[in-house]
Amino acid sequence: MSEINGGSPAFPSSGRYSDFAGYDHKGMTLRDWLAGQALPQVIAVYAFANGHMIGAEHFPRNCALHAYAMADAMLKAREVR
């Protein structure tokens, strides 16, 4: 799999919004944010397609992989414009 550019930080903060020690926070990557946005729908579709076997050991890993695959597709689509 080729390297996916995670994009710029989704929610960076600096200056007055930095913590007490004065460190800036880079925020999560855009890739992480997009995966988080896709995750609820991925879970719903995956649960429906697999007979609601949410307790299955593979369920969390597969949902996370699919959510990141969706995020990667969204990031790739940005490059096409």
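Met70 is connected to Trp33 through a chain of hydrophobic side-chain contacts under 4.5 Å among Ile, Leu, Val, Met, Phe, Trp and Tyr, so both are in one cluster. Linking Ile, Leu, Val, Met, Phe, Trp and Tyr whenever their side-chain heavy atoms come within less than 4.5 Å leaves Tyr68 and Val42 in two separate clusters.
From Arg31, atom CZ reaches atom CG of Asp72 across 4.0 Å, with rounding to the nearest 0.5 Å.
Across all their heavy atoms, Ala71 and Ala35 have their closest contact at CB-N, 3.6 Å.
More than 12 heavy-atom neighbours from other residues, nucleotides or ligands sit within 6.0 angstrom of CE on Met74.
Between His58 and Tyr46, the closest side-chain pair of non-hydrogen atoms falls below 4.5 Å.
When the side chain to side chain contact (heavy atoms under 4.5 Å, CB included) test is applied to Leu39, the partners found at least two apart in sequence or on another chain are Ile43, Cys63, Ala67.
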